[in-house]
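Here the structure is laid out as structure tokens; the discussion comes afterwards.
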Amino acid sequence: MTDLTNLTLEAALGGMAKGEFSSVELTQAHIDACQAGAKLNAFITDTHELALEQAKASDARRAKGEAGLLEGAPLGVKDLFCTEGVKTCAASKILGDFTPTYESSVTANMKADGMVMLGKLNLDEFAMGSSNETSAYGPVINPWRKDEDLVPGGSSGGSAAAVAADMCLGATATDTGGSIRQPASFTGTVGIKPTYGRCSRWGTVAFASSLDQAGPIAKTVKDAAILLESMAGYDAKDSTSLNIDVPKWSESCGKSVKGLRIGIPKEYSIDGMPAEIQSLWDKGIAWMKDAGAEIVPITLPHTKYALPAYYVVAPAEASSNLARYDGMRYGLRVDGVDLNDTYDRTRTEGFGKEVRRRIMIGTYVLSAGYYDAYYLRAQKVRTRIVEDFENAWQTCDAILTPTAPSAPFAVGRKVNDPVQMYLNDIFTVTTNLAGLPGISVPAGLNEDGLPLGLQIIGKALDEDTVFAAASALEKAAGFSAKPEKWWV
Amino acid sequence: MSDPVGAVSAEDVKKIARLSRLHVEADRLQPLADDLNGILGWIEQLNEVDVEGVEPMTSAVDMSAPMRKDEISDGGKRDEILKNAPKKDDGFFVVPRSVE
């Protein structure tokens, strides 16, 4: 039998439907791959026994003709989604061994569709980071390697590494400033952040509530569409959840892009951009043109203000969201001499350095006398960024950009320079601020043989066009490279 | 100290830390102030944007706030709520003394 871990999600679902193999066989093959890949540190918590039980139950359902959309597919779940009875810690010491008694709405949807869960995937602590190095459980190592260990990007680094290393058929992830798309670009995988409100935030550990949005990381554009169909949907428990139907996005994959107007924003040609990123972008433009799309130069004049606005809004919301970690009701408690001392000790020992830094920036920008100057101004700049996109949609239907300003970098390289680290999100963060869908598609390898991604940004709720344009890119790029399995 | 006007001082860091319920060692106050000033200095560029008459952004997709009936729809989960408590006794959270 061929190695079942080489399959795409689509092919694996097809194989099970035809009876070529069972979910138990498929799941066991992935468990073996997870065990062989322990060195990558992609998982915080393994749930292999549970996965085999779920696989058995799935095979039984399929035998009765009750197969769901993800029936029997072994997948990974970012450890930011609460999972009933399985430790959920957001890669932070402050949550200790927190074991939810409830299930996040996103993973509940996937379980109802037949998901088999292999475990909880590593991430930057509370999803705050672009390299997976802020995790209290150690950095994830990118399956792609060049002489030294490289980061898989972040914050969904575990999700991206596990998919790239064929340890799972796909994974859930979340994106607040680029945390799905940048790791996808760094690992040669596909990652989509849908329109804000498509996926319920209920039961997902909160970072910055007006920006956080769940989405999948997958091996192909179509796999990403299948996963998102399962993850998305209205949920009364999240007041920002959109009460609209979930389209069959998988049917948009492969649709013709003839006549589609693709915008190229001049502001994304930033100073000091590596030549390999510019040349990949140029290739992407040529591919879209060959596929029949019309290329339109556009301008998004407030692009340079997106990152600084993000680094006001995100820490402000984080400082508020993370106030709940007080050591009283769940997670870590470090006893002090009195209540205030206990709060201080618990939070100081429980949160890592980057999280503490962001809480303090957030507290500062929200403090008396500074709210208008920072938070309110940043929210107004956000409106300007939305206006930029609205103007652009007058002349184009989707936008093509690079996903990240570089190829994956070495572990430890940027960890001491926060602003340098923040620049990783320069091309992705605008869509979070504006709430728009964005996808990263693997488009080529650089001279060092490392993957690079291109991004398609779409109008709000127009994931259909995003998937169509992304599959055109995918087809033209013909990206089939795989990392050498040095970790086995 | 000759900090520029508006820059965060070691004393400010102490105050922010207290508001954040975080402890910062005395010898870490100034390095942290330098860190924050680096980030805030970079954020200062937002002052270049003309935001005169601009409404702050509230949502990505136009939608009205959903309304629901004000009625109890969930509850009776004391044991579940207490399940992850660091200290509990007889159906209650146990917390440090807060009044003398």
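What you are looking at is a predicted structure, and each value in this text was computed from that prediction instead of being measured. First the proteins, then the strands, lettered A, B, ... as listed; each starts at 1.
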Relative to chain B, which segment of [X] carries a heavy atom at a distance below 4.5 Å: side chain, backbone, both, or neither?
X        : result
A:Phe351 : side chain
A:Leu433 : backbone
A:Ala460 : side chain
A:Val381 : both
A:Thr342 : side chain
A:Thr195 : side chain
A:Val313 : neither

| request: Please name all residues satisfying side-chain hydrogen bond (donor to acceptor under 3.5 Å, both in side chains) with A:Arg324, sequence neighbours left out, ordered by chain then number. | output: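 Partners of A:Arg324 under the side-chain hydrogen bond (donor to acceptor under 3.5 Å, both in side chains) test: A:Asn321.
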| query | By side-chain hydrogen bond (donor to acceptor under 3.5 Å, both in side chains), which residues pair with A:Ser367, not counting sequence neighbours? | reply | none
Under a 3.5 Å threshold, yes or no: a donor from one side chain and an acceptor from the other, between [X] and [Y]?
X        : Y        : value
A:Asp235 : A:Ser200 : yes
B:Glu80  : A:Thr101 : yes
A:Glu125 : A:Ser92  : yes
B:Glu44  : A:Tyr374 : yes
B:Asp12  : B:Ser9   : yes

| task | Describe, in one word, how the ring planes of A:Tyr325 and A:Tyr330 are oriented to each other, choosing from parallel (under 30°), tilted (30 to 60°) and perpendicular (over 60°). | result |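 Geometry flag for A:Tyr330 against A:Tyr325: perpendicular rings.
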| task | Kindly assign one of parallel, tilted or perpendicular to the pair B:Trp42 and A:Tyr422, based on the angle between their ring planes and the thresholds 30° and 60°. | result | tilted
Greatest number of heavy atom pairs closer than 4.5 Å to chain A - which of [options]:
options                   : value
B:Val24, B:Thr58, B:Asp50 : B:Asp50
B:Lys83, B:Arg97, B:Lys88 : B:Lys83
B:Pro86, B:Ser98, B:Ala85 : B:Pro86

| Can you name the closest pair of heavy atoms from A:Gly327 and A:Thr346 and give their distance? |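 Taking A:Gly327 first and A:Thr346 second, the nearest heavy atoms are CA-CG2, 3.8 Å.
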May I ask you to name which of [options] has the most heavy-atom pairs under 4.5 Å with chain B?
options                                : value
A:Leu307, A:Leu461, A:Leu436           : A:Leu307
A:Ile361, A:Thr99, A:Asp97             : A:Thr99
A:Tyr196, A:Tyr311, A:Tyr102           : A:Tyr311
A:His302, A:Glu387, A:Arg377, A:Arg382 : A:Arg377
A:Asp341, A:Leu322, A:Thr383           : A:Thr383

| query | Are any of the side-chain nitrogens in B:Lys87 or A:Asp335 under 4.0 Å away from the carboxylate oxygens of its partner? | reply |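 A salt bridge is present here (some side-chain N lies under 4.0 Å from a carboxylate O).
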For [X], which atoms come within 4.5 Å of any heavy atom of chain A: side chain, backbone, both, or neither?
X       : result
B:Leu32 : side chain
B:Gln45 : both
B:Val13 : both
B:Val61 : side chain
B:Asp35 : side chain

| query | In residues 15-22 of chain B, which residues are in contact with chain A at a heavy-atom separation under 4.5 Å? | reply | B:Ile16, B:Ala17, B:Leu19, B:Ser20, B:Arg21, B:Leu22
| said: Using side-chain heavy atoms (C-beta onward) and a distance below 4.5 Å, is B:Phe93 in contact with A:Met328? | reply: no
| message | Pair A:Arg333, A:Tyr343 - check side chain to side chain contact (heavy atoms under 4.5 Å, CB included), show working. | response | CA-CA 8 Å; A:Arg333 179 186 296 180; A:Tyr343 287 150; over 6 Å; no
| For the atom pair CG (A:Leu332) and NZ (A:Lys93), what is the distance rounded to the nearest 0.5 Å? | 8.0 Å
| task | Could you tell me whether B:Glu48 atom CD has more than 12 heavy atoms of other residues or ligands within 6.0 Å of it? | result | yes
| task | Would you please name every residue forming a side-chain contact (heavy atoms from CB on, under 4.5 Å) with A:Lys380, sequence neighbours left out? | result | A:Leu376, B:Val51, B:Val54, B:Pro56
